[in-house]
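Reading through the structure tokens given below for one structure.
The sequence lines fix the lettering, A, B, ..., with proteins before strands; numbering per chain opens at 1. Owing to the predicted nature of the structure, the values given are computational and were not obtained by experimental measurement.
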Amino acid sequence: MTVAPAPAVQTVISEAWGQPNSHLISEYKKRGGYKALEKALAMEPTAITDEIKRSNLRGRGGAGFPTGLKWSFVPKDNPKPKYLAVNGDESEPGTFKDRYILEYDPHLMLEGIAIACKAIGAHKAYVYLRGEFKFQAERVDAAIKEAYEAGVFGESVLGSGFKLDCYLVRGAGAYICGEETGLIESIEGKKGWPAVVGLFGCPTVVNNVETLASVPPIMNKGAAWFAGLGTDKSGGTRLVCLSGTVNRPGVYEVSMDTTIDQLIHDPKYGQGMPAGRKVKAVIPGGSSAPVLTADETDVALEFEALKMKQTMAGSGGVVVMDDTTCMVRALWRVTRFYAEESCGQCTPCREGMPWMTRLLRKIEEGLGEPEDLEILMNVAASIAPFPPIGLGNTICALGDAGALPVQSFVMKFKHEFEQHIAEKRCPHGDHPWGHFGDWA
Amino acid sequence: MADPVFSPDDQKLFDSRLADILTRYPADRKSAAMLPALRMMQEILGWCPPEGLRLVAERLEVKPERAYEVASFYVMFHTEKPGKYVVDVCTNLSCSLRGAEGMLAYLERKLGVKAGHGNEQWLLREAECLASCGTAPCLQVNEDHHENLTTREKVDAIFANLG
């Protein structure tokens, strides 16, 4: 396949990755670290928020909400304490970008945290990392200690008189805690059931790790520079996570006009498909994003362009499935995840996800009946509508996240589901994933 | 009287670390320390036994049910005593696309336990996405992460040193 070379990119987030000791504050300062914070501390809080607004920075956790706007919602005259909660729960299948920021450049995130807290008037920040991130938690813990020693956190941030404490909180294995309000419940020491109030009943901003890591470069080089790197509606670059059957999976910082085809085939990025294999399908934004067929992958990895294709840029997780992949098996794996991770609060999600998972397993094992596909689509539609138009029939977006893949896989690869049912077996036999590894 | 949860030394360690953690939260929100407290207990005891959950609840001034509710909600907390090694294998989409199902079947044969089951030595589980999709397939043994497990030899090397 011939694909035009990917556009050049000016790295914003990943510049230090792979450099020796890039995680230490000494190295971070050599790169100009904490200069942006000095600048922000001399500014009025509203001026910082305005700068972020002008940069067109949009949240990198999945929803793509404008960050400056989110900050501006924090009430100025509320006497209650304000909090910043940092979402490092990175759990959407196919997503693994924040772990690199946490490992290679934790101070970039910490500096972003300090600037955000100054802007919203928060004196406490909680960094929530998923429980499985043991190594990353050690890195962040050490970085927070270094930052306290350097006066970045404490009674008077860099001598400015602004007080700020920053704490690490570790999760314990629950996808739902990456949902904004589930995360707050979890920091409060509860099970992560989505709700509607802020941390400890106070005004709270929740920002993703990558979002906060984008803040220091914006303060250093200016909103106009950052906005200019992106599109009309979305500033900066993007970290995308390439996985599945490509030659070189990994996290790549790309220009927003880079297409999925370029990401897969460009020598800088995925370096193409394994010998003899072709792309069959691509999930463009974490496993909850509706799937695209091989004919639909000439599309930019950017919020608006992917929305036009009735899917989502989401969390940047691009999963490539080649032509040896069984789409029923693949969808079963995706749906099983949302069934496992449903918190159980809303009936459509709690009951619907396991029901769809059982139906898919039944079809995959050759026991499917012709009416099963209609039942599958009805159950999915009762959880959330397709194409994605906002919240479905559940409190949080986990319902949509589990229903959208079912709807898109069945619509776009219907013949494969029908073939399973007609032939009463998986056409791929014992190799639903092609041949990877020799485990026999 | 029931046996104490911790040895005297461990009790001292637990209490001093908990006191430090409590300073991070508002004074009337002691229960916010639930996850860190359970994690600390599990680090010392290897799991969260019922008497331990009662102790944590007492320290955080909540009912024991609250401690059990939280411990049972999160997969990383063990409310039943697991084997010496907890082996979590990611079988989500990106890992499965690169051989995770075959690796899991290999581990079932190698360790002599079925996924979702265990014995005194092992607890073998299918884990949900471990955010390591670019270095798939992957697994964790007692929370230590191992990735790029593309061959039997690499998997064998992890288990060679575990008794």
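Remark: side-chain polar atoms of A:R99 are paired, donor with acceptor, to backbone N or O of B:A131 under 3.5 angstrom.
Only the backbone of B:T150 comes within contact range of chain A, with at least one heavy atom under 4.5 Å from a heavy atom of that chain. Of the two parts of A:F200, the backbone and the side chain both hold a non-hydrogen atom closer than 4.5 Å to a non-hydrogen atom of chain B. Only the side chain of A:E340 comes within contact range of chain B, with at least one heavy atom under 4.5 Å from a heavy atom of that chain. When heavy atoms are compared at a cutoff of 4.5 Å, B:S72 does not approach chain A at all. Looking at B:V155, only its side chain comes within 4.5 Å of chain A, counting heavy atoms on both sides. Contacts of A:L199 with chain B are absent, with no heavy-atom separation under 4.5 Å from either backbone or side chain. Heavy-atom distances place the side chain of B:E101, and not its backbone, under 4.5 Å from chain A. Looking at B:T151, the atoms closer than 4.5 Å to chain A (heavy atoms on both sides) all sit in the backbone: N, CA, C or O. Both the backbone and the side chain of B:E143 have a heavy atom closer than 4.5 Å to some heavy atom of chain A.
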Take A:F337 and B:T91 through the side chain to side chain contact (heavy atoms under 4.5 Å, CB included) test and state the conclusion after the steps. CA-CA 10 Å; A:F337 170 79; B:T91 51; over 6 Å; no
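In terms of non-hydrogen atom pairs under 4.5 Å with chain B, the most contact-rich of A:P432, A:G171, A:S91, A:G434 is A:G171. Annotation: maximal heavy-atom pairing with chain B below 4.5 Å, among A:E90, A:R170, A:R248, A:E341, occurs at A:R170.
Taking 4.5 Å as the limit, some side-chain heavy atom of A:C177 sits within range of a side-chain heavy atom of B:Y74. Counting only heavy atoms from C-beta outward, the side chains of A:T325 and B:L97 approach each other to under 4.5 Å. Taking the side chain as every heavy atom from C-beta outward, A:K134 and B:H145 never approach each other to under 4.5 Å. Looking at B:R66 and A:K190, their side chains come closer than 4.5 Å, going by heavy atoms from C-beta outward.
The nearest pair of heavy atoms linking B:R98 to A:T245 is NH1-CA, 3.9 Å.
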